[in-house]
Amino acid sequence: MRFPFLFATRGCRAVYRLHQKPFLSPVPPLWEHRSSAALSTQLCKDDRSYYITTPIFYVNASPHLGHLYSAVLADCFHRYKLLQGFNSKFATGTDEHGLKIQQAAEAAGKDPLTFCTGVSKQFRHLFSSCNISYTDYIRTTEQRHREAVEHFWSVLWNKGLIYKGSYEGWYSTQDESFLMPSQVGDALDSLGKEIKVSLESGHKVEWMKEENYMFRLSAFQSQLLDWLRGNPQAVQPERFHQAVLKWLQEDLPDLSVSRQRSRLQWGIPVPGDDEQTIYVWLDALVNYLTVAGYPDKHNQWWHVARHVIGKDILKFHAIYWPAFLLGAGLPLPQVIHVHSHWTVGGKKMSKSLGNVVDPLERSQMFTADGMRYFLLRQGVPDSDCDYTDDKVAKLLNAELADSLGGLLNRCTAPALNPAQVYPSFCPQSFPRAHGGRAVHEDYHMLDAIQKLPAVVEKHYEAMHIYKALEAISACVRLTNGFVQRHTPWKLDRKNNEDQRWVDTIIHISLECLRIYGTLLQPIVPEASNKLLSRLGVQPHERSWAGLNFLARYQGMDCPFEGRALGSDSGVLFSRLEPHNADKQKPKKTKKSANLK
Ligand code: ME8
């Protein structure tokens, strides 16, 4: 496949002469198909399928906190969907081709594949240490991926959407991105030399002039606008949706999708033209299809795909990727969930500033659950968040060790629960109509916890995990307040009526804990397992469908009433010393700290 053709360039905007393949008008918009009878039948057939992805991470350097954050978010969605009975697929992996990796391997004095394998293993190790329960880990150097990319390229080529042209303009190797002059500014490098940088990322850019293949991106501008306008939920949160709409109202030039082999050897050759290497972003984006089973078996998963990404790669996912997919005649992602960045000391994490937070080291210091909880409780999709060890320790102590751990400790400690059972609920002590021993605040608490699963579901669905955790945390405080208000340890257990009231208080508190433990499984899988096991809740009783709070109050049977508690395997979450958090591992504290 060689193409004699003419081309010319003018400034940064390439001027392209078409050749050979006639231009086919872009395929009809696929999102419209979704409302068609044919596709809705398909959606009904497998509407319990769910497919979530993280970006695939560059292997030029070791993983950092931001990478773990994306993985934890996607893992949380995946676990949540499994709890709801969905058939969920969850993919993560590593992006191993491109100039940036080629140069990193050279600098390390290793051949590129050996280099990639080493760093890819570090990501995998981090993810398994943090209980990231991916169902597929993809490396772009795998054969299955190469086949998918070659097929995808051929589809675009056969539709006349790729043509040979020339690119002249700015390129950032660090971002593996082409830039318009308006996206470039002046800066000084570490030696005080004047350089050009990307205004968005701050990374150095270089002028390049190359003959390569171009994708007819400009032809998709109006379809992309229609897609976004017709699907206000396609890019979340809203501010990122608006950002993409704004970009799309500006000039949208065609996109260079290959590099000359003489400059870039580390990548997939263009099918039929081994003088050219496929652009690393086209290669990388296709990973989502590879995992879905493209080109033969992707139908079950592809129409339910959702991507979790950081704000730095929004343009690639919300413009280039949908345009490629439209060109290839494939459905567009259901949702692109965008999150903001973690900073340290208010600054971007960077090797040169020496402020990169090592997520593996931190997960050993604060435990995997601890890091997961912190990142999801403090991470806000809309705006950047600042990381400090002190904040982590304070939050974990307050919410996991003291509030939740303390509540479990109180209600299961032999002093208050000598029989070590899920005690009985007494409807006379806590009647549906007022008149028993319960007070107004107690009814308010029951109402809040009854509503909690729906509240958490709403927030999980909107990717507002921090709001879900805020709601759970508020309810834990209500339950602690309930126990504190009635001081069951002061009641006279020899008096039958008091004994029934003590049992009722503990029954309600254990029911609250069961709800919290179930809802927290996607966030802190180890602590939730410990909590639910201590309550005697069996694995098959931990799904969303089992969240039936306080059945006895509703006049129904409670399967847990009278059941023996599980064995005591120690404190739920050990306290950390805030000021020395960076110097020590979690300390065991006295289990009876919260017992009166
Ligand atoms: O861009 N805070 O890979 P990458 C939060 N290979 N998240 C952050 C972050 C921070 N400070 N820094 C990075 C690439 N991330 C491409 C992706 S996908 C087809 C190809 C997270 O190693 C965030 O998800 O540079 C961001 O989008 C991603 O890591 C970039 O990882």
Side-chain angles (χ1 to χ4, degrees), residues 52-75 91-101 104 116 119-120 122-123 126-127 132 138-141 145 148-149 152 172-177 198 200-203 235 240 267 278-292 305-322 324-325 333 336-351 353 355-359 362 371 374-376 378-387 463:
I52 187 93
T53 68
T54 70
I56 48 168
F57 304 109
Y58 284 131
V59 289
N60 61 309
S62 302
H64 66 66
L65 188 74
H67 297 136
L68 178 63
Y69 179 54
S70 305
V72 166
L73 264 176
D75 185 55
T92 187
T94 44
D95 189 354
E96 305 191 3
H97 288 138
L99 202 53
K100 168 154 131 167
I101 310 298
C116 291
V119 185
S120 187
Q122 287 183 31
F123 275 94
L126 169 69
F127 293 161
I132 304 298
I138 179 156
R139 298 182 55 191
T140 51
T141 44
H145 179 64
V149 172
F152 192 78
S172 158
T173 304
Q174 203 56 28
D175 303 327
E176 295 284 16
S177 172
S198 154
E200 196 183 329
S201 69
H203 291 138
V235 178
F240 295 113
I278 295 179
Y279 174 41
V280 62
W281 266 103
L282 191 152
D283 171 343
L285 288 161
V286 172
N287 94 83
Y288 303 131
L289 278 171
T290 308
V291 170
R306 288 162 179 261
H307 305 310
V308 170
I309 60 162
K311 64 179 184 179
D312 50 322
I313 54 177
L314 179 57
K315 199 171 280 177
F316 300 94
H317 283 78
I319 296 183
Y320 300 168
W321 184 223
F324 293 155
L325 289 167
I336 299 170
H337 295 283
V338 190
H339 64 73
S340 294
H341 278 181
W342 285 92
T343 55
V344 176
K347 296 206 172 72
K348 193 174 165 163
M349 264 184 275
S350 89
K351 266 194 196 165
L353 288 176
N355 66 350
V356 174
V357 176
D358 176 352
R362 292 315 196 279
M371 276 316 279
F374 174 78
L375 290 174
L376 295 172
Q378 294 286 301
V380 182
D382 275 292
S383 49
D384 289 352
C385 302
D386 202 50
Y387 177 91
M463 198 189 163

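Being a predicted model, the structure only gives us computed values, none of them experimental. The analysis underlying the following values was restricted to heavy atoms, covering all of them including side chains, and did not include hydrogens, waters or symmetry mates. Nothing fancy with the numbering, it's 1 onward along the sequence. Read the numbers this way: they start at 1 and go in the same order the structure lists the ligands and their atoms.
At least one heavy atom of H339 sits less than 4.0 Å from an atom of ligand 1. By the 4.0 Å heavy-atom criterion, W321 is excluded from the residues contacting ligand 1. At least one heavy atom of H317 lies less than 4.0 angstrom from ligand 1. Using a 4.0 Å cutoff on heavy atoms, Y288 counts as a contact of ligand 1. Contact annotation: H64 has at least one heavy atom less than 4.0 Å from an atom of ligand 1.
Below 3.5 Å of separation, one finds an N or O of G310 facing an N or O of ligand 1. Remark: ligand 1 and S340 share no N or O pair separated by less than 3.5 Å (distance only, no angle test).
The six-membered or imidazole ring of Y288 lies near that of H317, with a centre-to-centre distance under 6.0 Å. Annotation: W342 is in aromatic contact with Y69 [ring centroid separation under 6.0 Å].
What sits closest to atom 8 (C) of ligand 1 on the protein, heavy atoms only, is G66 CA, 3.4 Å. Shortest contact from atom 29 (O) of ligand 1 to any protein heavy atom: H67 CD2, 3.3 Å. The protein heavy-atom contact nearest to atom 1 (O) of ligand 1 is I313 CG2, 3.5 Å. Closest to atom 11 (N) of ligand 1 among all protein heavy atoms lies W342 O, 3.1 Å. The nearest heavy-atom contact from the protein to atom 30 (C) of ligand 1 is D312 OD2, 3.6 Å. For atom 21 (C) of ligand 1, the closest non-hydrogen atom of the protein is S70 OG, 3.5 Å. In terms of protein heavy-atom proximity, atom 14 (C) of ligand 1 is closest to Y58 CE1, 3.3 Å.
Checking Q174 against S172 by side-chain atom types alone, no donor-acceptor pair falls below 3.5 Å. Judged purely by distance below 3.5 Å, without hydrogens or angles, the side chains of D283 and T140 never pair a donor atom with an acceptor atom.
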